[in-house]
Q: 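One structure, pasted below without further comment.
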Amino acid sequence: MHPLQCVLQAQRLSAPFTSMCWVLLKTCRAQSSVSSTPCPSPEGKSSEAQKDFSSRLATGPTFQHFLRSASVPQEKPSSPEVEDPPPYLSGDELLGRQRKVYLETYGCQMNVNDTEIAWSILQKSGYLRTSNLQEADVILLVTCSIREKAEQTIWNRLHQLKVLKTKRPRSRVPLRIGILGCMAERLKGEILNKEKMVDLLAGPDAYRDLPRLLAVVESGQQAANVLLSLDETYADIMPVQTSPSATSAFVSIMRGCDNMCSYCIVPFTRGRERSRPVASIVDEVRKLSEQGLKEVTLLGQNVNSFRDNSEVQFNNAGSAKLSRGFTTNYKPKQGGLRFSHLLDQVSRIDPEMRIRFTSPHPKDFPDEVLQLIRERHNICKQIHLPAQSGSSRVLDAMRRGYSREAYVALVHHVRETIPGVSLSSDFITGFCGETEDDHRQTVSLLREVQYNTGFLFAYSMRQKTRAYHRLKDDVPEEVKLRRLEELITVFREEAAKANETLVGCSQLVLVEGFSKRSTTDLCGRNDANLKVIFPDAEVEDITNPGLKVRAQPGDYVLVKITSASSQTLKGHILCRTTMKDSLTYCTT
């Protein structure tokens, strides 16, 4: 069977088989660019490593082998087990042999978590991590594809790394460069063909395959596994925290997105929604609490649509409740443990650990979620409500599933249910067909809601999306940039007003460390996730009256706010405290 046929068949077979076929396909493509003859035999290879690899590949598993393996579905083990190496690789070849890996992360919080997952897998295979680019044997870039600018940053970085690779001394092992994450998934062959110095690609669902991909690369081949999975959540992998002094951590609870907003590439780079079992998430958060971390952020592309259907007894539950006036682009999903159940379980683990979550969709805020946020003191009273536009016409073109009126009604309902809640949002300006009137409606929404935090971007059309196939990117770039500047100006004005209401109030702040601008000031974040700057001074420990202490990273302190801007609060420290004790003193 031709390798290309293998790739097509692999849609119905296992991931290891698919990725092996990618290697076969890349090998044949690389050789066919030099000659039109079929792939040469192992004896024609110039490198001894290539000879050995190709001979083992030729005597390795047949097509029938994978058919048999795929014919009987096997349950995943409750605890991670060491898998047998592929027939064309020995166990020793999968070991890192203490080669040093340099990981570089771009994009969202999910990519930060993906970096920790990838490193956990490589660490168990015998690789070492380095923060020094010059001493690295393997460089892996965890990438983002959400906008063209994000991808261009990676292309520029590859050009810089090309110099490092070409100047590598012959006395050292060859430098290997890999692209991980969304860009690897979206561009696939274009990266391998355009940048010959890239050795491997691994999509967001292929990190378990990294040791094998690196072993294949050592034989002189390019290697890729960009297969999206319907069930991969890395539930059995404990991410390795990259900073030993960290006070907070990200915990991925679900992957992928089913919303299919017309502008968004995420469903095509991250795949369909699937959620981790509640038990595995609770176990990870408990371990982080035992390590002394004080804040956990639950992560997902559509985090509040979480649905754990791993427990059979809950599969007959009804469909999810939506926010009033909101609809979905997919059929209602039946059964499973929902986000409110998970939030309840996680918030009970450690009353002194803050719980946050991002990024949610406004449609998935039923009353039970809002009530839980109100009742639990350790669930932060800060909600991200991505609006994207203030125009109902543009929202319809974006396939967001709500009108401006429904969104504003949700904002009022959230504020009525959770007094003092802090709101943040995302906005895209210059979307297909956006008029000046549509833009003015977005400006008016910013003024009406008065967000504490905002993330605003000019529209960047992405291939594969519905907008790419059905709409026209007809707003000139200079108009997009002008509108973006207007939105940023209005957001800052309104955020400053919102944050100024905190002046004179005492805020509970989780200390993160020294301020970047001054070694005499400390910085941390309040419940609303706003940065708070305050002088480093001796204060009383409220749990040990009479004891004077200096606040350390991971401590909770009370800070009286004296000034505010659109992005930062400043104040003076009152005392060191606990989350429970602070409830008596905090005012908002």
Q: One thing to verify: whether Glu151 and Arg462 come together as a salt bridge, which I'm taking to mean a side-chain N less than 4.0 angstrom from a carboxylate O.
A: yes
Q: At what distance, to the nearest 0.5 angstrom, does CD1 of Ile379 lie from CZ of Arg356?
A: 12.0 Å
Q: Do the side chains of Asp308 and Arg276 get close enough for a salt bridge, i.e. N-O under 4.0 angstrom?
A: no
Q: Quick check on Lys464: does its NZ atom have over 12 non-hydrogen neighbours (other residues, nucleotides or ligands) under 6.0 Å away?
A: yes
Q: Check Arg157 with Glu104, please: is the shortest side-chain N to carboxylate O separation under 4.0 Å?
A: yes
Q: With distance as the sole criterion, is a donor-acceptor pair present between the side chains of Thr358 and His384 under 3.5 Å?
A: no
Q: Between the side chains of Arg255 and Glu232, is the shortest nitrogen-to-carboxylate-oxygen separation below 4.0 Å, so that they form an ion pair?
A: no
Q: Within the side chain of Ser460, is there an N or O that forms a donor-acceptor pair under 3.5 Å with the backbone of Arg147?
A: no
Q: Using side-chain heavy atoms (C-beta onward) and a distance below 4.5 Å, is Asp137 in contact with Val101?
A: no
Q: Is there a side-chain contact between Tyr106 and Thr153 (heavy atoms, below 4.5 Å)?
A: yes
Q: Between Asp521 and Arg517, is there a salt bridge with N-O shorter than 4.0 Å?
A: no
Q: As an exercise, state the distance from CG of Leu210 to CG of Leu122, rounded to the nearest 0.5 Å.
A: 5.0 Å
Q: Just so I know, are the side chains of Leu299 and Ile253 near enough to count as touching, which here means a heavy-atom distance under 4.5 Å?
A: no
Q: With a 4.5 Å limit on heavy-atom distance, are the side chains of Met183 and Ile191 in contact?
A: yes
Q: Return the minimal non-hydrogen interatomic distance between Ser145 and Ile265, and the atom names on each side.
A: O-CG2, 3.6 Å
Q: Is there a side-chain contact between Leu133 and Leu164 in this structure, where contact means two heavy atoms from C-beta onward sitting under 4.5 Å apart?
A: yes
Q: Please evaluate residues Phe357 and Thr297 with respect to the criterion side chain to side chain contact (heavy atoms under 4.5 Å, CB included), reporting the C-alpha separation (whole Å), side-chain torsions for both, the decisive distance (0.1 Å), and the verdict.
A: CA-CA 5 Å; Phe357 57 90; Thr297 301; 5.6 Å; no
Q: Using a distance-only test with no angle check, is there a side-chain donor-acceptor pair under 3.5 angstrom linking Gln152 and Asn156?
A: yes
Q: Does a donor on one side chain sit under 3.5 Å from an acceptor on the other, for Glu273 and Ser305?
A: yes
Q: Kindly say whether Thr247 contributes a backbone atom to a donor-acceptor pair with the side chain of Lys294 at under 3.5 angstrom?
A: no
Q: For residues Leu192 and Ala224, report the shortest heavy-atom separation together with the two atoms involved.
A: CD1-CB, 4.2 Å
Q: Can you list every pair that meets ring pair (Phe, Tyr, Trp, His ring centres under 6.0 Å) and has a residue in residues 145-174, with sequence neighbours left out?
A: none
Q: For the pair Glu295 and Met353, evaluate side chain to side chain contact (heavy atoms under 4.5 Å, CB included) and give the outcome as yes or no after the intermediate values.
A: CA-CA 5 Å; Glu295 182 178 280; Met353 174 182 272; 5.6 Å; no
Q: Identify whether the distance between the nearest side-chain nitrogen and carboxylate oxygen of Arg274 and Asp258 falls below 4.0 Å.
A: no
Q: Examine distances only and state if a side-chain atom of Asp199 and a backbone atom of Ile177 form a donor-acceptor pair shorter than 3.5 Å.
A: yes
Q: My understanding is that only residues two or more places apart in sequence, or in another chain, count here; which of them pass ring-ring contact (aromatic ring centres under 6.0 Å, His included) with Phe457?
A: none
Q: Taking all heavy atoms of Ala206 and all of Asn225, pick out the closest pair and write down the distance.
A: CB-O, 3.2 Å
Q: Do Asn132 and Thr130 have a side chain donor and acceptor closer than 3.5 Å?
A: no
Q: State whether the number of non-hydrogen atoms from other residues, nucleotides or ligands found under 6.0 Å of Arg168 atom CZ is greater than 12.
A: yes
Q: I'd like to know whether CD of Gln291 has more than 12 heavy-atom contacts from other residues, nucleotides or ligands below 6.0 angstrom.
A: yes
Q: Would you give the length of the straight line joining atom CD1 of Ile154 to atom SG of Cys144, rounded to the nearest 0.5 angstrom?
A: 8.5 Å
Q: Whether the side chain of Asp555 engages the backbone of Gln552 through a donor-acceptor N/O pair (distance < 3.5 Å, no angle test) should be reported.
A: yes
Q: Quick one: list whatever passes ring-ring contact (aromatic ring centres under 6.0 Å, His included) with Phe250, sequence neighbours left out.
A: none
Q: Tell me if a side-chain donor or acceptor on Asp527 pairs with a main-chain N or O of Gln382 at a distance below 3.5 Å.
A: no
Q: With sequence neighbours excluded, tell me which residues meet ring-ring contact (aromatic ring centres under 6.0 Å, His included) with His341.
A: none
Q: Using every non-hydrogen atom in the two residues, find where Gly181 and Thr143 come nearest and quote the distance to one decimal.
A: C-OG1, 4.0 Å
Q: Could you state the interatomic distance from CG (Asp350) to CZ (Arg286), rounded to the nearest 0.5 Å?
A: 10.5 Å
Q: Could you tell me whether the side chain of Asn526 and the main chain of Val509 form a donor-acceptor pair under 3.5 Å?
A: no
Q: Answer yes or no: does atom NZ of Lys162 have more than 12 heavy-atom neighbours from other residues, nucleotides or ligands under 6.0 Å?
A: no
Q: Is there a side chain to side chain contact (heavy atoms under 4.5 Å, CB included) between Gln567 and Lys531 once you walk through the steps?
A: CA-CA 7 Å; Gln567 295 177 304; Lys531 184 181 289 185; over 6 Å; no
Q: For the pair Ser289 (side chain) and Val285 (backbone), establish whether a donor and an acceptor sit closer than 3.5 Å, ignoring hydrogens and angles.
A: no
Q: State which residues pass ring-ring contact (aromatic ring centres under 6.0 Å, His included) with Phe306; sequence neighbours excluded, sorted by chain then number.
A: none
Q: Distance check, rounded to the nearest 0.5 Å: Ser515 atom OG versus Leu522 atom CG?
A: 8.5 Å
Q: Rounded to the nearest 0.5 Å, how far apart are OG of Ser359 and CG of Asn302?
A: 8.0 Å
Q: If we only count heavy atoms from C-beta on, is the Asp426 to Ile428 side-chain gap below 4.5 Å?
A: no
Q: For residues Pro267 and Cys257, report the shortest heavy-atom separation together with the two atoms involved.
A: CB-O, 3.6 Å
Q: With a 4.0 Å cut-off, would you call Arg550 and Asp536 a salt bridge?
A: yes
Q: Which residue pairs satisfy the ring pair (Phe, Tyr, Trp, His ring centres under 6.0 Å) criterion with at least one member in residues 199-231, sequence neighbours excluded?
A: Tyr207-Tyr234
Q: Donor-acceptor pair, distance only, cut-off 3.5 Å: does the side chain of Thr115 make one with the backbone of Asn111?
A: yes
Q: Any side-chain heavy atom of Leu158 within less than 4.5 Å of one from Ile179?
A: yes
Q: For Phe268, does the CZ atom sit with more than 12 other heavy atoms under 6.0 Å from it, leaving out its own atoms?
A: yes
Q: Can you name the closest pair of heavy atoms from Leu293 and Ala249 and give their distance?
A: CD2-CB, 3.3 Å
Q: Show the numbers, then the answer: is there a side chain to side chain contact (heavy atoms under 4.5 Å, CB included) between Ser252 and Met110?
A: CA-CA 7 Å; Ser252 175; Met110 284 294 293; 3.8 Å; yes
Q: For Val163, does its backbone N or O pair with a side-chain atom of Thr166 as donor and acceptor, under 3.5 Å?
A: yes
Q: Would you find a donor on one side and an acceptor on the other, under 3.5 Å apart, between the side chain of Gln222 and the backbone of Val198?
A: yes
Q: Using side-chain heavy atoms (C-beta onward) and a distance below 4.5 Å, is Leu140 in contact with Tyr102?
A: no
